[in-house]
Structure formats: C-alpha cells, structure tokens
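One structure below.
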Amino acid sequence: MRKVIAIFGTRPEAIKMAPVITELRKSRDLDLRVCVTAQHRGILDQVLSLFAITPDHDLDLMLPNQTLDQLTARLLSGVGQVLDEEKPDLVLVHGDTTTTLSSSLAAFYRKLPVGHVEAGLRSGSLHAPFPEEMNRRVTTLATRFHFTPTERSRQNLLAEAVDASHIHLTGNTVIDALIETVARLKAAPETRAALERQFGYLDSSLPLVLVTGHRRENFGPGFESICRAMIDIVTQNDVQIVYPVHPNPNVLEPVERLLGSHPRIHLIDPLDYEPFVFLMERSYIIITDSGGVQEEAPSLGKPVLVMRDTTERPEAVDAGTVILVGTSRERIVSEANRLLNDRAHYARMAQAMNPYGDGQAAKRIRAVIEEQA
Ligand code: UD1
Ligand code: UDP
C-alpha cells in the first residue's frame, strides 16, 4: 500500500485539508498519515476536533510571537524527522504558509514527490501577501502534483512552464468544507438554536458587519487605520460589528486598544468553524483580509470588502462580489457606507456565485492520487 502523509499547521490549512483527509481515509489503496506542525495551536485544535482528525504526529511548534526564521528552522527539522521516520511515497501540503514552505522543502531534500493542494495562486507581488507569495512559489518548484482551484491558477502555473500533465484542476477544497458545514447546520436545528443563544447579544434589528484580519503586511499602521475605519463605520451607520480577533499579538494589541470600548463593536475570541460559518450567513457585509473568507463569502452571497491592495484570488473581484479596498481608512469607510446605504449597489454585489469550486475537489484529488501517485 502506498503511504501518503498530509502535513499542515494553521487554521486555514486544517479547514481546507479536512475534506481531503476524509476522502483519502476512504481509500483502500492508500495508507494515510497526518502530521500537524501546530504552527497554530488553539485555532488549529478547534478545527481538528470539528472534523475529527487525530494526528499521527503533532510537532507542537507554536511559540508566542516567534520570528519567521525561528519558525522556518524548527519546522524544517521537525518535519524532516517525521519524513525520515514515516518514509512516505507522497507528501501532501496545502497553500502558502511557512508550514507549507518548510514541508515541501523537507520533502525535496529527500527527493519525495509533493502534492500541493491550492496550487497556482499568484498575486504578482513577492511582498503581498507576505511571506505567502514566496512560500507558494517555492512550493511550486518542489511539487509533482499541482491541485489548482481555478482555471486562472492553472494558467499561472502554465505561464511558469510547469508541465501541463502535472496540473490537475480540482476546485478549492474550502468549498467542500463550507458546503458540508452549511448542510450540517441546516440539518441540525438544535445546533442553530444553540448558536442563536451564543450570539444572543446581537441586536436583530441592526445589520451585522463581520470583520477579520491578520495579514503581516498590515501590521502597524495598517491595523491602526483599519481600526479607525471600524469606529467610523459604526459611528456613521446604525450597524453592529462582530470581530473575532486573530490571536497573533501584533493583531490583538491594536485591536483591543482601539476597539475595545465601543458598545456596538463586539470583539470576541476566534470562533470555531461552525459558528463562524453561521455568522457569515447571518452577516450583511464582510470586511476582511483573509484568503479563505474571500473564497467562502461569495458562495454565501455576501459582499466582501478585502483590506488588501492586491489579491491572488481575483475571480470574485472580476465577478463583482469582492472589492479590494486596501487599508486606507477613507476607502474602507466609503465603500462600506456605499454598501450599507445604496440598495442597488448592494444587490449587485450580493449575487451568490462560486468561482472557487463545486464541493467535489477532495474527490478529484483522491482520484488523481489513487491513479497516478
Ligand atoms: C499564519 C500564516 C498565514 C496564514 C495565517 C492564518 C505564516 C508565516 N503565516 O499567520 O499565512 O494566513 O496563519 O491564520 O505561515 N497564535 C496563538 N494561537 C494560535 C495561533 C497563533 O497565540 O492558535 C499567536 C502566537 O503568538 C504565534 C503568532 O500568533 O506565534 C503568529 O502565528 P504564525 O503562525 O507565525 O502567523 P499568523 O499571523 O498566525
Ligand atoms: N475562520 C474561523 N473562525 C474565525 C475566523 C475565520 O473558522 O474566527 C475560518 C474562515 O471561515 C476560513 C479560515 O478560517 O475558512 C480563514 O483563516 P484565516 O483568515 O486565519 O487565514 P487565511 O485564509 O487568510 O490564510
């Protein structure tokens, strides 16, 4: 039996790898091992428990506010040891984090083939998102099986002279995870009732603005500006903001200092995936710098303002459900005000559409691995 090891370490990787793990576990031809680096701890464990994933290896690598150098070095040697022990036939990584970079490099050093889930995303700028654009480019070089979410990401790889027969257009597994979670919520009225109680502090008469943010290139002045924009939005409109705050200290500090005391801004701990999906469904608009949220919100028909200057996920921008607003306070506020006050504009942006997948990505990835890896 061929041995496949899936390696990941952060919240979004776990959410997007979970459907692949579920599929690969069903295979009679494959022996699946799961290694978590625990680059994240609390917000990774939330996802592992929701999707009932028990790792075979847990490197437990998170340290408070560690530098990229420390993190990369510790990941590389930790993952290397696991690969030496497991001797897999295929190493599966996801996306663009430092775990992705280090795991694909550790596999390359052992001449092991890599399967890259969510391959081919490109912003065109090595510094945005930072360091993710570099991470995904390096991972591409080490990869044998490129699982691209969209035709555009396939084209990006072809433009870099990746062999066409090594690229597999699968859709994004985040849509698999989202569809499954929405269906689970729909089928469980008692869970919905519990979630209504969890968010009982929300005012049902006020539109909900859901906010998330964590990008490194926004640390410092970017986050200061984002926070001031949030205050302007609640001051100028009858709305409420819910903001599950990312645990990175560079995010927590300015957010708590600047937004901690406004009665219509609710700063909360990071949410489990189910409650977060529930809140996305319940929201009127979403303001974020997250990659995953940018992909999920369009399929829920929610307009998204993305607090970045560039995106490697241009599909929903082209389709009109996402607007890039950067971190300028004035721009964020003017675009939010327009959505909150111009019904026709809102209706144009709120078209549910799904450029990122059809919920079958993990099945396609499994088929390729079973047939070719
Ligand atoms: C990481 C990824 C980023 C991804 C994001 C998703 C890198 C360099 N960055 O950013 O690509 O978009 O995850 O969320 O790979 N922390 C906790 N608890 C947690 C998680 C983090 O306290 O569960 C704190 C720790 O102090 C940690 C810090 O956040 O050192 C930064 O974590 P790190 O994984 O380095 O970067 P993120 O900003 O989370
Ligand atoms: N998410 C979550 N709880 C939260 C915020 C986000 O479960 O409190 C989910 C979200 O639905 C998406 C993923 O986490 O699937 C995005 O993670 P993040 O924004 O941390 O990383 P990125 O996608 O930007 O790499």
Side-chain angles (χ1 to χ4, degrees), residues 8-19 36-51 60-72 74-75 93-103 118 121 128-136 139 172-182 210-219 223 242-253 266-281 283 286-297 299-300 302 304 306-308 311-313 356:
F8 54 94
T10 66
R11 168 173 66 193
E13 292 168 83
I15 291 169
K16 292 168 165 184
M17 278 295 224
V36 297
T37 64
Q39 174 179 334
H40 285 170
R41 187 71 277 176
I43 62 176
L44 170 75
D45 293 343
Q46 293 176 332
V47 184
L48 296 180
S49 118
L50 175 68
F51 290 98
D60 199 21
L61 279 173
M62 198 194 84
L63 288 178
N65 214 10
Q66 63 189 323
T67 65
L68 289 176
D69 301 353
Q70 279 179 308
L71 177 61
T72 307
R74 296 172 71 234
L75 282 163
V93 299
H94 178 278
D96 54 22
T97 70
T98 300
T99 287
T100 320
L101 166 80
S102 308
S103 304
E118 199 181 272
L121 277 63
F130 174 89
E132 291 85 358
E133 182 80 358
M134 172 65 93
N135 292 347
R136 54 171 85 107
T139 302
N172 196 313
T173 58
V174 79
I175 304 299
D176 302 26
L178 180 68
I179 289 175
E180 187 203 316
T181 305
V182 168
L210 180 61
V211 177
T212 79
H214 68 82
R215 297 248 83 84
R216 268 179 162 72
E217 62 272 20
N218 291 345
F219 289 173
F223 266 94
V242 174
Y243 184 167
V245 188
H246 193 284
N248 191 317
N250 300 290
V251 178
L252 263 176
E253 189 282 320
H266 304 280
L267 301 183
I268 58 174
D269 288 337
L271 289 167
D272 288 1
Y273 190 54
E274 262 185 5
F276 189 74
V277 169
F278 173 84
L279 268 198
M280 280 198 289
E281 285 187 304
S283 65
I286 299 176
I287 308 181
T288 188
D289 66 15
S290 159
V293 176
Q294 257 177 90
E295 292 159 342
E296 292 162 337
S299 72
L300 300 173
K302 302 297 175 181
V304 190
V306 171
M307 297 182 290
R308 297 174 47 179
T311 183
E312 61 287 358
R313 296 167 167 93
Y356 297 109

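In each ligand, atom 1 is the first atom listed, and ligand 1 is the first ligand listed.
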Q.
If we count only N and O atoms by modelled type, under 3.5 Å, do the side chains of Thr10 and Thr97 hold a donor and an acceptor together?
A. no

Q: Step by step, work out the side-chain contact (heavy atoms from CB on, under 4.5 Å) result for Phe8 and Thr100.
A: CA-CA 7 Å; Phe8 54 94; Thr100 320; over 6 Å; no

Q. Are any of the side-chain heavy atoms of Gln39 and Leu61 separated by less than 4.5 Å?
A. no

**Q.** Shortest heavy-atom approach to atom 35 (O) of ligand 1 - which of Glu132, Arg216, His40, Met62
**A.** Arg216

Q.
I need the Met62 CE to Leu44 CG distance, nearest 0.5 Å.
A. 10.5 Å

Q: Before signing off on this row, confirm whether Thr99 and ligand 1 have an N or O atom pair separated by under 3.5 Å.
A: no

(Q) Within the 4.0 Å heavy-atom shell around Pro64, which atoms of ligand 1 are there? (A) 26 (O), 30 (O)

**Q.** Interfacing atoms of ligand 1 (cut-off 4.0 Å, heavy-atom, Leu68)
**A.** 8 (C)

Q) By number and element, which atoms of ligand 1 are closer than 4.0 Å to a non-hydrogen atom of His246? A) 14 (O), 37 (P), 38 (O), 39 (O)

Q.
Starting from atom 8 (C) of ligand 1, what is the nearest protein heavy atom, named by residue and atom, and what distance separates them?
A. Thr98 OG1, 3.1 Å

Q. For Thr311 and Gln294, does a side-chain donor sit closer than 3.5 Å to a side-chain acceptor?
A. yes

(Q) Show me which atoms of ligand 1 lie under 4.0 Å from any heavy atom of Arg41. (A) 19 (C), 23 (O)

(Q) Please list, in number order, the atoms of ligand 1 under 4.0 Å from a heavy atom of Thr97. (A) 11 (O), 15 (O)

Q | Charged N-O contact under 4.0 Å between Glu132 and Arg215 | A | yes

Q: Write down the atom of Glu281, the atom of Lys302, and the distance for their closest heavy-atom approach.
A: O-NZ, 2.9 Å

Q: Would you mind checking which non-hydrogen protein atom is closest to atom 29 (O) of ligand 1, with the distance to 0.1 Å?
A: Asn248 CA, 3.3 Å

Q | Interfacing atoms of ligand 2 (cut-off 4.0 Å, heavy-atom, Leu271) | A | 2 (C), 3 (N), 4 (C), 7 (O), 8 (O)

Q. Is any side-chain heavy atom of Val182 less than 4.5 Å from a side-chain heavy atom of Leu300?
A. yes

Q. What protein heavy atom sits nearest atom 25 (O) of ligand 2, and how far off is it?
A. Pro12 CG, 3.4 Å

**Q.** Nearest-contact summary for atom 9 (C) of ligand 2 - protein heavy atom, Å
**A.** Ile15 CD1, 3.6 Å

(Q) Is there a polar contact, in the sense of an N or O pair closer than 3.5 Å, between Lys16 and ligand 2? (A) no

**Q.** Distance filter under 4.0 Å to Pro270 heavy atoms, resulting ligand 2 atoms
**A.** 8 (O)

(Q) Quick check on contacts: which atoms of ligand 1 are under 4.0 angstrom from a heavy atom of Gln66? (A) 30 (O)

(Q) Checking the N or O distance criterion of under 3.5 Å, is ligand 1 in contact with Leu63? (A) yes

Q) Identify the closest protein heavy atom to atom 10 (C) of ligand 2: which residue and atom is it, and at what distance? A) Glu296 OE1, 3.4 Å

Q. Which protein non-hydrogen atom lies closest to atom 1 (N) of ligand 2, naming both residue and atom, and how far is it?
A. Phe276 CD2, 3.6 Å

Q. Applying a 4.0 Å heavy-atom criterion (strictly less than), which segment of Ser290 is in contact with ligand 1: side chain, backbone, both, or neither?
A. neither

Q.
My understanding is that we take every heavy atom of each candidate and find the minimum distance to atom 15 (O) of ligand 1. Doing that for Gln39, Gln70, Arg136, which one comes out nearest?
A. Gln39

Q: For atom 5 (C) of ligand 1, grab the closest protein heavy atom and report residue, atom and distance to one decimal in Å.
A: His214 CE1, 3.5 Å

Q.
Walk me through whether Arg136 and Leu121 qualify under side-chain contact (heavy atoms from CB on, under 4.5 Å).
A. CA-CA 8 Å; Arg136 54 171 85 107; Leu121 277 63; 3.9 Å; yes

Q. Side chains of Ile287 and Val306: closer than 4.5 Å at any heavy-atom pair?
A. no

Q: May I ask you to decide if the ring planes of His246 and His40 are parallel, tilted or perpendicular, using 30° and 60° as cut-offs?
A: perpendicular

Q: Mark up the atoms of ligand 2 that fall under 4.0 Å of a heavy atom belonging to Gly291, in ascending order.
A: 22 (P), 23 (O), 24 (O)

Q: Report the distance from atom NE2 of His214 to atom CG of Leu252, rounding to the nearest 0.5 Å.
A: 13.0 Å

**Q.** Salt bridge present between Lys16 and Asp176 (N-O < 4.0 angstrom)
**A.** no

Q.
Quick check on contacts: which atoms of ligand 1 are under 4.0 angstrom from a heavy atom of Pro12?
A. 6 (C), 14 (O)

Q) Can you list the atoms of ligand 1 that are under 4.0 Å from a heavy atom of Asn65? A) 25 (C), 26 (O), 27 (C), 30 (O)

Q) What is the closest protein heavy atom to atom 20 (O) of ligand 2, and at what distance does it sit? A) Arg11 NH2, 2.8 Å

(Q) Nearest 0.5 Å, please: how far is CG in Asn65 from CG in Asn248? (A) 6.0 Å

Q) Among side-chain atoms of Thr37 and Thr99, is any donor-acceptor pair under 3.5 angstrom? A) yes

**Q.** For atom 18 (P) of ligand 2, the protein heavy atom that lies nearest, with its residue and separation
**A.** His214 NE2, 3.6 Å

Q: Check Gln46 against ligand 2 and report side chain, backbone, both or neither, counting heavy atoms closer than 4.0 Å.
A: neither

Q) Of the protein's non-hydrogen atoms, which lies at the shortest distance from atom 19 (O) of ligand 2, and what is that distance? A) Ser290 OG, 2.8 Å

Q | Atom indices of ligand 2 within 4.0 angstrom of Gly292 heavy atoms, with elements | A | 22 (P), 23 (O)

